[in-house]
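Side chains are part of it too, since the values below use all heavy atoms of this structure and drop only hydrogens, waters and symmetry mates. Below, chains carry the letters A, B, ... as their sequence lines are ordered, and counting in each starts from 1.
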Amino acid sequence: MQVPSVNPFAEFRHECEAVLADAVARALPEVKVDTFPLGKPSNPSFGQLASSLCFELAKQLKQKPNDLTALVVKAIDTSRFTLIEKVESTGGYINFRVNFSKFSSLTLESIKQLGAEYGFPKTETPLKIIVEHTSVNPLHPIHIGQARNPILGDSLARILKFRGHDVSRHYYIDDVGRQSSVIAYGYAKLGKPKPDEKIDHFIGKIYTITSCIVELNRLKRQLEVAKSVSANEEVAKLNKEISEWTAIAGELEEKHPKLFAALLAKIGEDANPEEEINKLNRAYEDGEPNAKKLIRDVSDLCLEGFRQTAKRVEIFYDSWDWESDFVWSSQVSDVLQKLKSTPFVFSEGGVLEFDADKVIQTLGLKAKLGLREGQEVPPLTLVRADGTTLYTTRDVAYTLWKFNQAEKVVNVIGMEQSLAQLQLKIALYALGYAKQAESFVHFAYNLVTLPGYKMSSRRGHYITFDEVLDEAIKRAYEEVSKRSPLLTEEEKQKIASFVGIGAVRYALVDVDTGKPVVFTWDRVLNFETNSAPYVQYTHARACSILRKAAKTPEKPECKFLAEQLEHELVLALASFPDMFIEAAEYLKPNMIADYSNALADKFNTFYNALPVIKADSTELCDARLALTDAIRTVLSNALNLIGVVAPEKM
RNA sequence: GGGUCCGUGGCGCAGCACGGAUAGCGUGUCAGCCUUCUAAGCUGAAAGUCCUGGGUUCAAAUCCCAGCGGACCCGCCA
């Protein structure tokens with residue numbers, strides 16, 4: 001046993017494993033057991049760890065589990081006990097009790113010595129990992145439907161970093177799509193105006209209005225053609241679409257009359273705006289200098305807005321990767337050449353297709369990719385008839401570039417792109433990059449939706465992330481003013497800021513990534529139990545006690561921590577490292593939020609039930625102060641993993 | 001039609017990867033607790049066919065199969 005220990009509970013577990021293995025070997029020499037799994041019993045009266053080993057052995061040996069546990073427990077060598085207090089058998093289980101006096105000292109002493117480093121056992125195989133996240137197209141502000149991405153991505157990056165990996169956070173800028181040309185076209189038509197608001201919000205308006213006007217223009221021209229050839233069904237369909245877009249145009253005109261009028265007039269100068277946009281798009285892909293400057297400038301402006309938003313929630317990026325760079329350099333065409341030389345690419349009507357299913361068959365990847373027997377993966381179009389590439393094709397080049405500088409790639413991308421991400425992975429296999437394919441992770445998450453309507457950036461139907469943050473801070477301010485009226489104005493504002501932002505981060509990281517989040521203000525801006533403010537408040541409360549006590553006991557005697565509540569707290573603190581390892585290995589950031597809430601819960605119960613400063617004896621007071629200090633440290637360490645501020649006062 | 005994910009008290013969720021002892025938590029409802037360390041807190045009560053049906057197992061919310069319900073995907077969009 002080492003002091004300090006990065007993982008006190010693991011020390012106990014290892015001791016139990018060794019003691020159990022030894023006892024089984026002596027009590028039942030005829031059986032061979034490889035692993036001795038230990039689980040946490042549902043009820044603390046059964047001890048801190050339990051083994052159900054004898055249920056399995058019972059069948060093998062044709063004996064009752066109870067008889068076997070009795071034999072094993074009898075053979076246990078108590079002289080090996082360090083952290084174990086007692087081993088007993090109940091109902092077929094072998095239950096291990098920890099010696100709390102020693103275990104509490106080990107845990108509290110470790111936390112005290114390691115401080116901000118406590119709870120983060122380093123991986124034995126540190127990797128260079130690229131976490132790609134956010135990657136919102138620079139066309140409009142980040143909206144709440146997209147905000148779950150940076151929150152999850154940033155939390156993952158923090159967790160992996162603390163696990164000992166070399167993590168780099170990348171933002172992939174998709175500037176090659178047609179949409180980038182739409183916004184650039186509208187912005188240029190307006191004469192590159194100076195914004196009178198946050199730049200990405202301004203860009204977003206221009207994009208939505210331009211896109212709407214161009215779409216209507218296109219539909220109307222199509223309608224003329226359809227009418228001239230009397231394609232009645234087509235006419236009806238177009239009329240329907242036109243009326244939908246006309247309604248959107250009406251909304252936009254009402255909301256932004258000046259901007260709308262200006263764009264309508266300017267775009268009206270072009271006979272065929274759609275063709276202008278396509279021209280711009282082609283020129284950009286070809287790297288024509290004017291197109292390059294225009295689109296890069298507009299994108300840069302929008303990205304500046306994103307950087308400001310990200311900064312508000314303490315999110316930063318190590319690398320901004322432009323998709324266009326991969327097109328202009330030969331990286332995309334090189335990958336295409338390589339793909340073409342494999343037997344998995346075929347041409348159909350001038351279009352290049354990638355036969356993902358054939359790769360699976362040929363290389364026998366079915367099991368590796370977790371696919372079912374009869375499951376087929378549809379082909380992926382690599383190149384259009386006009387010779388231009390598609391998004392996923394370019395993403396293959398980008399992914400290979402990432403693997404040039406990292407051993408593992410984690411893509412934080414919505415689950416709606418699961419198929420494309422799978423095809424990308426298969427393409428890596430097809431190109432002979434099996435090792436990379438295996439280290440390629442699509443971290444999928446479900447969408448954030450608004451009750452009532454579908455969010456659509458093209459239609460301008462969205463709540464921006466900035467608005468959510470503003471509202472969160474506003475509500476937090478009201479809350480602080482109500483609860484702590486004596487604070488100075490400056491303090492209130494500071495608290496409102498980290499409480500509001502913490503609440504949003506917590507709410508978006510808390511739910512299992514497989515489940516959709518329906519956005520409601522009440523849900524996201526929760527200041528009660530199971531929220532960042534609750535955990536933050538608990539942390540501040542612990543700090544307050546330590547401040548008031550005005551002493552840090554040198555040598556607290558942990559044997560005085562004899563209450564059940566105190567034992568549970570020590571166990572929770574000691575289990576933090578195990579939880580962290582699991583969250584890091586299985587990429588489950590929501591575990592961190594759950595843990596911090598559970599620890600806060602236990603501490604608040606303790607706080608209400610047992611006095612710290614006014615404890616019955618100085619020894620007890622010292623021990624409880626040490627416990628409180630350890631809780632403060634662990635809450636802070638946990639919150640840090642999900643990017644939430646742990647305040648000393650609120 | 002095919003695929004992926006999800007289904008747990010009224011509502012919102014955890015637990016499921018690795019099966020184990022009375023299924024946790026929050027909210028809402030009801031009843032209480034601030035001359036005492038921060039009430040953004042705490043205590044107690046009522047509230048559950050863990051979607052349904054099979055199967056595997058000494059043991060299933062957890063694994064397998066089928067079905068039902070919901071979201072998303074199956075584009076020469078990104």
What contact category does A/Gln60 fall into here, base, sugar-phosphate, or nothing, at under 4.0 angstrom with non-hydrogen atoms? nothing

Starting at the 5' end of RNA chain B and moving along, which residue's nearest nucleotide shows up first, A/Asn597 or A/Ser42? A/Ser42

C1' atom, B/G7 versus B/G15: distance in rounded Å? 15 Å

Check the distance between B/G24's P and A/Glu568's CD and give it to me in whole angstrom. 13 Å

Remember a base hit wins even if backbone is also touched, and classify A/Leu352 as base, sugar-phosphate or nothing at under 4.0 Å, heavy atoms. nothing

Quick check: do A/Arg475 and A/Trp521 have side-chain heavy atoms less than 4.5 Å from each other? yes

Answer yes or no: does atom CD of A/Glu438 have more than 12 heavy-atom neighbours from other residues, nucleotides or ligands under 6.0 Å? yes

Hunt down the Watson-Crick or G-U wobble partner of B/G1, both distances under 3.5 Å, from any strand shown, or write none. B/C74

Scan nucleotides 35-41 of chain B nucleotide by nucleotide, 5' to 3', and note B when protein non-hydrogen atoms come under 4.0 Å of the base, S if they reach only the sugar-phosphate, - if neither. -SBBSBB

Hey, does A/Gly514 reach any base, or is it just sugar-phosphate, or nothing, if we go heavy atoms under 4.0 Å? sugar-phosphate

Any non-hydrogen side-chain atom of A/Glu215 less than 4.5 Å from a side-chain atom of A/Leu219? yes

If you measure from the C1' atom in B/G24 to the same atom in B/G9, how many Å do you get, rounded? 12 Å

Can you tell me, in whole Å, how much space there is between the P of B/A61 and that of B/G41? 33 Å

Rounded to whole angstrom, note down the C1' distance from B/A31 over to B/A47. 15 Å

Under 4.0 angstrom, heavy atoms only, what part of the nucleic acid is A/Arg178 near: base, sugar-phosphate, or nothing? nothing

Return the pairing partner of B/U38 with a 3.5 Å limit on both distances, Watson-Crick or G-U wobble; otherwise return none. none

Heavy-atom side-chain proximity of A/Leu139 to A/Ser180 below 4.5 angstrom: yes

Can you see whether A/Tyr607 has A/Arg541 sitting over its ring - NZ or CZ less than 6.0 Å from the centre and within 45° of the normal? yes

Of the options B/C5, B/C16, B/C18, whose atoms approach the side-chain atoms of A/Tyr586 most closely? B/C18

Strand partner of B/G12, provided both Watson-Crick or wobble distances fall under 3.5 Å: B/C25

Indicate, with a heavy-atom threshold strictly under 4.0 Å, whether A/Gln417 touches base, sugar-phosphate, or nothing. base

Using whole Å, report how far NZ of A/Lys40 lies from P of B/G19. 17 Å

Taking only residues two or more places apart in sequence or in another chain, which ones pass side-chain contact (heavy atoms from CB on, under 4.5 Å) with A/Ser544? A/Arg547, A/Lys548

If I take atom CD in residue A/Glu416 and atom P in nucleotide B/G70, what distance separates them, rounded to the nearest angstrom? 20 Å

Nearest whole angstrom, please: distance from the C1' of B/C73 to the CD of A/Gln423. 10 Å

Protein and nucleotides 51-54 of chain B: nitrogen or oxygen contacts under 3.5 angstrom:
none

Whole-angstrom distance between B/A14 and B/U8, as gauged at atom C1': 10 Å

Rounded distance in Å between the P positions of B/A39 and B/C16: 34 Å

Parallel, tilted or perpendicular: which describes the rings of A/Phe55 and A/Tyr93, with under 30° parallel and over 60° perpendicular? perpendicular

Listed nucleotide nearest any side-chain atom of A/Ser52, set B/G20, B/C74, B/C76: B/G20

Using whole Å, what does the distance between atom C1' of nucleotide B/U4 and atom CG of A/Leu369 come to? 14 Å

Under 4.0 Å from OP1 or OP2 of B/A14: is there any side-chain N or O of A/Lys515 that close? yes

Heavy atoms, side chains only, cut-off 4.5 Å: are A/Val412 and A/Tyr445 in contact? yes

By a strict heavy-atom criterion of less than 4.0 Å, which residues belonging to residues 378-387 of chain A are in contact with RNA chain B? A/Pro378, A/Thr381, A/Arg384, A/Ala385

Assign the ring pair A/Tyr595 / A/Phe576 to parallel, tilted or perpendicular, where the plane angle (0 to 90°) is split at 30° and 60°. tilted

Does a side-chain heavy-atom distance below 4.5 Å link A/Tyr185 with A/Val214? yes

Looking at A/Gln375, does any N or O in its side chain come under 4.0 Å of the phosphate oxygens OP1/OP2 on B/U4? yes

If we call it a pair only when both distances are under 3.5 Å in a Watson-Crick or G-U wobble match, what pairs with B/U43? B/A31

Separation of the C1' atoms in B/C68 and B/C51, to the nearest angstrom: 8 Å

With syn defined as a glycosidic angle within 90 degrees of 0 and anti as anything else, the base of B/C34 is syn

So, are A/Glu285 and A/Arg384 salt-bridged, with charged N and O less than 4.0 Å apart? no

Would you say A/Gln536's side chain and A/Met650's backbone share a donor-acceptor pair under 3.5 angstrom? no

If I take atom CE in residue A/Met415 and atom P in nucleotide B/A71, what distance separates them, rounded to the nearest angstrom? 11 Å

Provide, to the nearest angstrom, the distance between the OH atom belonging to A/Tyr445 and the P atom belonging to B/C73. 13 Å

Nearest-angstrom distance, P atom, B/U57 to B/C11: 36 Å

I want to check something: taking the side chain as every heavy atom from C-beta on, are A/Leu419 and A/Val377 in contact at a cut-off of under 4.5 Å? yes

According to salt bridge (Lys or Arg N to Asp or Glu O under 4.0 Å), who are the partners of A/Lys515, at least two apart in sequence or on a separate chain? none

Both distances below 3.5 Å, Watson-Crick or wobble geometry, any strand: find the nucleotide opposite B/U49. none

Dump every N/O contact between nucleotides 62-69 of chain B and the protein below 3.5 Å, one line per pair.
none

As its Watson-Crick or G-U partner within any shown strand, both distances under 3.5 Å, B/U57 has none

The side chain of A/Arg523 is closest to which nucleotide in this list: B/C58, B/C13, B/C76? B/C13

Which heavy atom in A/Ser596 sits nearest to a heavy atom in A/Tyr506, and how many Å separate them? OG-CE1, 4.1 Å

Is A/Asn66 close to A/Ser89 at the side-chain level, that is, under 4.5 Å between some pair of heavy atoms? no

Select base, sugar-phosphate, or nothing to describe what A/Arg624 touches, counting heavy atoms under 4.0 Å on all strands. nothing

On RNA chain B, check which nucleotide each of A/Leu371 and A/Val511 is closest to and give me the residue with the more 5' one. A/Leu371

Mind checking A/Asn95 for me? I need base, sugar-phosphate or nothing, with any heavy atom below 4.0 Å counting as a touch. base

Would you mind reporting whether A/Leu352 and A/Val345 have side-chain heavy atoms less than 4.5 Å apart? yes

Are A/Glu479 and A/Lys482 ion-paired here, with the side-chain N under 4.0 Å from a carboxylate O? yes

Rounded interatomic separation in angstrom, taking CG from A/Asp512 and C1' from B/C6: 9 Å

